[in-house]
Amino acid sequence: MPSPEIPSAPGIVHLGLGNFHRAHQAVYTRAALDAAGGDWGIVGVSNRSQDIPAALQAQGMRYTVIEISPRGQSYSVPAVHTDAFTAATEPARVVSAIAAPRTRIVSLTVTERGYWYRPGTGELDSDAAPIRSDLRNPAAPVTAIGQLVRGLQERARTHGAPVTVLSCDNLAANGHHTQRLVEEFVRLLPGPEATETLAWLEQAVTFPSTMVDRIVPATTDHYRRLVAEECGYADAVPVPAEPFSMWVLEDRFAAGRPAWEAGGAVFSDEVPKYEQLKVRFLNGTHSLIAYLGALSGARGIADAVAIRTVESAAQALMREYRPTVALPSGVDLDAYEEQLFARWRNSALGHMVSQVGSDGSVKIRQRIPAAALALLDAGTMPHALALAAAGYLACLAPLAGFDPGPHAAAMKDPARPMLERAAAASAGGPELAARVIGEQQLLGVDLAERPAFVDRVGELVDVIRRSGVTAAIHEIGA
Ligand code: CS2
């Protein structure tokens, strides 16, 4: 595989060696190394999968990023990883990698699910079995938060050099959120250990927030064949990605950073505004498109937005979001929306509604409640947000006699068992919404106490069930 030189030494440990990291941070890191050098190789840690580390090892730590646009493909090989392994099989190695003196950044793309927060309150789910296990077994942590805390404690014990923890997941205020979860975990440790660790974190670790953006579908054999045919070599783990890529970061690094601006990253003190804009307009609307698309029989995101009614529901949702965001300076919202639709229409990408619709229980928590509450407080019923939640329930918690179709069935979600129980116990939409959004607080504690919203979601579930998704889109006036 043709490629630049692998960096001679690592400076970053990355948790979550999936496609997103390999088409995003890795690409910016290559640009930074080309422009400014530095010991910023990445040790890639996959949480459970052994396939990607094994393939990278077999390929000399190289893989291909395939940039896909309707006009054709282009190929590049970042070659920035110095090592890769699996946390589940080598838990102690994660701890020592985070603690290693040469590690100056620990970054994360572990998905919303990987933070083990309670959807209701956003707090660490200290009842979850993996978190309980990490509190008991310091040597073999299995969650990202456990790995971070144990690695940072080891660091504090052995040399204490400062380090940056960099969340690159789609969570509102992701740096702040990660810091809070780390601190909550530490507070559950025995008294003196907790006090000592918190004091060290305070003076040696920073948690900048970041807004990350690139649509990166799952790898399929189609992409493996494409690399073989067009590049003439075998790659078991290529990553397809759209041409668009954006990264906005707070410049609060405790021990230096690569020159990521060389790859187009923006260092800004407006990250919360960028995150809010992206998590709502892109991710929130993406979820709506995925659920309404699946219910309309669409397999891909591009197929879904090609359905006129789904497109107008997406536009209605964006209209609803508009008054809830503070724009970063220089951002033109009309142009931003237009660009989003163009990105979603990139049919060559093959981005599936089942991928975007998966893990909705932890994703929509980031995408719906804050905006819905702002609108309710202003005296407006957010019908399109209610429809997004109703689409989610119709796909994941289908009531007796309703078949949401194969693309909804393919959506994975850790809350599926709870949702299926709730559906089996409910006679209709309002009862289902009261159980899931009310009692289970799937959209947070605050929205759980807004019966008018919960009822609206329930009514829309019934419209979808009785008259179909198009009728529900018309019902909200989209
Ligand atoms: C998507 C995101 O799967 C999803 O939930 O909304 O992965 C989205 O493609 C990325 O955040 C784009 O930056």
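Indexing begins at 1, ligand by ligand and atom by atom, following the structure's order.
- Within the cation-pi definition used here (under 6.0 Å to the ring centroid, within 45° of the axis), R104 qualifies as a partner of W40.
- In summary, of the residues considered (S167, S107, C168), a side-chain contact (heavy atoms from CB on, under 4.5 Å) with T210 occurs for C168 alone.
- In terms of heavy atoms, N346 sits closest to I68 at ND2-O, 3.0 Å.
- Considering only non-hydrogen protein atoms, atom 1 (C) of ligand 1 sits nearest to H286 ND1, 3.3 Å.
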**Q.** side chain to side chain donor-acceptor pair (under 3.5 Å) assessment of N19 paired with T219
**A.** CA-CA 8 Å; N19 278 13; T219 303; 3.0 Å; yes
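- For R299, the CZ atom is loosely surrounded, since the number of other residues' heavy atoms within 6.0 Å does not exceed 12.
- Only side-chain heavy atoms of K363 come within less than 4.0 Å of ligand 1; its backbone N, CA, C and O stay farther off.
- By the 3.5 Å distance cut-off applied to N or O atoms, K278 is counted among the residues near ligand 1.
- Residue contacts with ligand 1: R367 is included, with a non-hydrogen atom under 4.0 Å away.
- Polar contact check, N170 against ligand 1: a nitrogen or oxygen pair lies under 3.5 Å apart.
- The closest non-hydrogen atom to atom 8 (C) of ligand 1, taken over N283, V362, I364, I289, comes from N283.
- Scanning the protein heavy atoms around atom 13 (O) of ligand 1, the nearest turns out to be D213 OD1, 2.6 Å.
- Ring pair Y336/F281 is perpendicular by interplanar angle, where above 60° counts as perpendicular and below 30° as parallel.
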